[in-house]
Undergrad: 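After the structure tokens below, expect a handful of questions from me.
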Amino acid sequence: MMLIVGGGYGYYRQSQSEKPPVTVTPQIKDLTQTLQVSGLIDASQSATLSFPAAAKLTWVGVKEGDWVKQWQGVAAVDVSTLQKQMAVDQNLHGKEFRAFEQTLEDNDYYGSSGLNPSERRTVESAQLDLKNTALAAEIRDIAIKNAYLTSPIAGIVTRVDRPVANLYILPTDQVVIVDPQTIYFRVIIDEEDVSLVKPGQAVMISLDAYPETEIEGQVIQIAFAPSTTESGSLGYAIKISLPVNNEALLYRLGMNGDANIVLAQKSQVLTVPLDSLISRDELTYVEIYTNGNINQKEVKTGIEGETEVEILAGLTGTEAVVVPESE
């Protein structure tokens, strides 16, 4: 085989004893460019419940797998000590109120002459003491209310760290509730691809648990803050809708799958196989087989599908484009 260079492009002249190369003719077809990423099912509505302080657990009303309604009670801790402390706080507030009234009387607060600076400071100090005892009682009331956990959402219980009563529970012990109707598909894309993805783009999702079912969703949200990918690099989380009926809980948290995000679509464009392209010096070429010769011709490309690429300029559609022989 002889290499001849001329006219700015190289071409090969094939000898008669050599086998002709494998060629294809450019095709007119619809082309879709996608970004394939892996991800898993997550939920946008979940509640993690815990008690603010260590206490004795007196009641547990749910177990893992139970369904709960919004504002349904799930657990409670002993409030007997808090209730007695509340009674003490209320007594102190009553006592302070009487002391405040006495201060007003001693300083002739309702008299016509008014208060001098010293009397005014005495009254103001007594008033602050009265407010403090009221606040102490209110704080204790909040603690009593926090001793009863309720779910702010309807959903399914996915975690109960302390399922048995009469044990001490810590602030780190949790009850987790997830609304299975708010599931979505979550992926993390590399930083260099984030500019390609936009809300509203169509996405085809295939879950490992249901490989024969393809779910059509769309990009809902692109995270502003970065996340860490499986490889340890930084990327951005993408929220993809998962329009399915999940009453039977077929789709569960953490299920893995793949998503093909549709970046661009074009109808009836001129295409050649991706593996026919040759890149050199930031230019793109294809090899054309004509009358026993192989010539390289510069082309301009557009969007890329899985196996084909759009040709914007350089080919008419009648050429015999050389492609690698399949092994």
Side-chain angles (χ1 to χ4, degrees), residues 39-94 96 128-186 188 221 223-230 232 234-237 239 246 249 251-256:
L40 50 79
I41 292 180
D42 203 342
S44 58
Q45 284 194 21
S46 63
T48 300
L49 310 177
S50 62
F51 291 101
K56 185 179 180 180
L57 189 63
T58 57
W59 172 72
V60 182
V62 296
K63 61 183 181 298
E64 186 175 336
D66 284 352
W67 285 86
V68 297
K69 299 178 181 179
Q70 188 177 26
W71 308 124
Q72 179 179 328
V74 298
V77 294
D78 182 28
V79 295
S80 57
T81 300
L82 290 174
Q83 289 172 334
K84 292 184 181 300
Q85 290 172 334
M86 178 71 167
V88 171
D89 292 334
Q90 290 172 333
N91 291 337
L92 290 175
H93 178 66
E96 195 63 41
L128 289 175
D129 289 339
L130 179 62
K131 287 182 178 179
N132 285 341
T133 58
L135 290 173
E138 290 175 8
I139 291 171
R140 201 76 67 184
D141 182 59
I142 293 172
I144 292 174
K145 292 177 180 177
N146 286 339
Y148 186 76
L149 287 185
T150 59
S151 174
I153 64 171
I156 187 170
V157 180
T158 62
R159 174 177 170 182
V160 182
D161 287 344
R162 287 285 186 270
V164 181
N166 295 319
L167 298 175
Y168 270 86
I169 191 168
L170 301 175
T172 53
D173 294 323
Q174 299 176 342
V175 176
V176 180
I177 298 166
V178 177
D179 184 350
Q181 299 301 329
T182 66
I183 58 173
Y184 66 93
F185 197 71
R186 182 177 183 271
I188 299 178
Q221 185 181 43
F224 182 75
S227 302
T228 303
T229 64
E230 292 182 356
L234 288 181
Y236 290 86
K239 185 176 182 180
N246 204 27
L249 301 183
Y251 304 95
R252 300 172 182 268
L253 295 187
M255 281 187 171
N256 295 291

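What you see below is based on every heavy atom in this structure, not just the backbone, and it leaves out hydrogens, waters and symmetry mates.
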Undergrad: Which residues pass the salt bridge (charged side-chain N to carboxylate O under 4.0 Å, His left out) test with K63, sequence neighbours left out?
TA: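 Result, salt bridge (charged side-chain N to carboxylate O under 4.0 Å, His left out) vs K63: D66.
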
Undergrad: When rounded to the nearest 0.5 angstrom, what is the spacing between CG in L170 and OG in S50?
TA: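 OG of S50 is found 10.5 Å from CG of L170.
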
Undergrad: Are any side-chain N or O atoms of T182 and backbone N or O atoms of A43, one a donor and one an acceptor, separated by less than 3.5 Å?
TA: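 Flag not set: sc T182 to bb A43 has no pair under 3.5 Å.
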
Undergrad: Measure the CZ-CG distance between F185 and L40 for me, rounded to the nearest 0.5 Å.
TA: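 If we round to the nearest 0.5 Å, F185:CZ and L40:CG are 6.5 Å apart.
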
Undergrad: Identify the two heavy atoms, one from V79 and one from A147, that lie closest to each other, and give their separation to 0.1 Å.
TA: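 For V79 and A147, the tightest heavy-atom pair comes out as CG1-CB, 3.1 Å.
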
Undergrad: Checking Y251 now: which residues fulfil ring pair (Phe, Tyr, Trp, His ring centres under 6.0 Å) with it, not counting sequence neighbours?
TA: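 Testing Y251 for ring pair (Phe, Tyr, Trp, His ring centres under 6.0 Å), a comparison that skips the adjacent residues, returns Y210.
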
Undergrad: Who passes side chain to side chain contact (heavy atoms under 4.5 Å, CB included) against Q221, sequence neighbours left out?
TA: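 Q221 satisfies side chain to side chain contact (heavy atoms under 4.5 Å, CB included) with K239 only.
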
Undergrad: Under the side chain to side chain contact (heavy atoms under 4.5 Å, CB included) test, which residues partner L249, sequence neighbours left out?
TA: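 L249 satisfies side chain to side chain contact (heavy atoms under 4.5 Å, CB included) with W67, I156, P180, N246, R252 only.
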
Undergrad: Show which side-chain atoms of residues 52-61 pair as donor or acceptor with protein atoms under 3.5 Å away, not counting sequence neighbours.
TA:
residue: T58; atom: OG1; partner: A76; partner atom: O; Å: 3.2

Undergrad: Nearest 0.5 Å please: distance from the CD1 atom of I139 over to the CD1 atom of I144.
TA: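 With rounding to 0.5 Å, CD1 (I139) is 12.5 Å from CD1 (I144).
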
Undergrad: Can you list the residues that meet the side chain to side chain contact (heavy atoms under 4.5 Å, CB included) rule with L234, with sequence neighbours excluded?
TA: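 Scan of L234 (side chain to side chain contact (heavy atoms under 4.5 Å, CB included), adjacent residues dropped) gives P226, T228.
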
Undergrad: By the salt bridge (charged side-chain N to carboxylate O under 4.0 Å, His left out) test, which pairs, at least two apart or in different chains, include something from residues 172-183?
TA: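 Matches after skipping sequence neighbours: R162-D173.
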
Undergrad: For P152, what residues pass the side chain to side chain contact (heavy atoms under 4.5 Å, CB included) criterion, not counting sequence neighbours?
TA: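 P152: side chain to side chain contact (heavy atoms under 4.5 Å, CB included) contacts with A47, L49, W71.
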
Undergrad: Determine which pairs satisfy side-chain hydrogen bond (donor to acceptor under 3.5 Å, both in side chains) with at least one residue from residues 143-159, sequence neighbours left out, and list them in order.
TA: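 Listed once each, the pairs are D141-K145, R159-D161, R159-Q174.
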
Undergrad: Sort and list the pairs that fulfil side-chain hydrogen bond (donor to acceptor under 3.5 Å, both in side chains) and have at least one residue in residues 78-94, not counting sequence neighbours.
TA: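 Passing the test, one end in residues 78-94: D78-S80, Q85-R140, D89-R140, H93-T133.
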
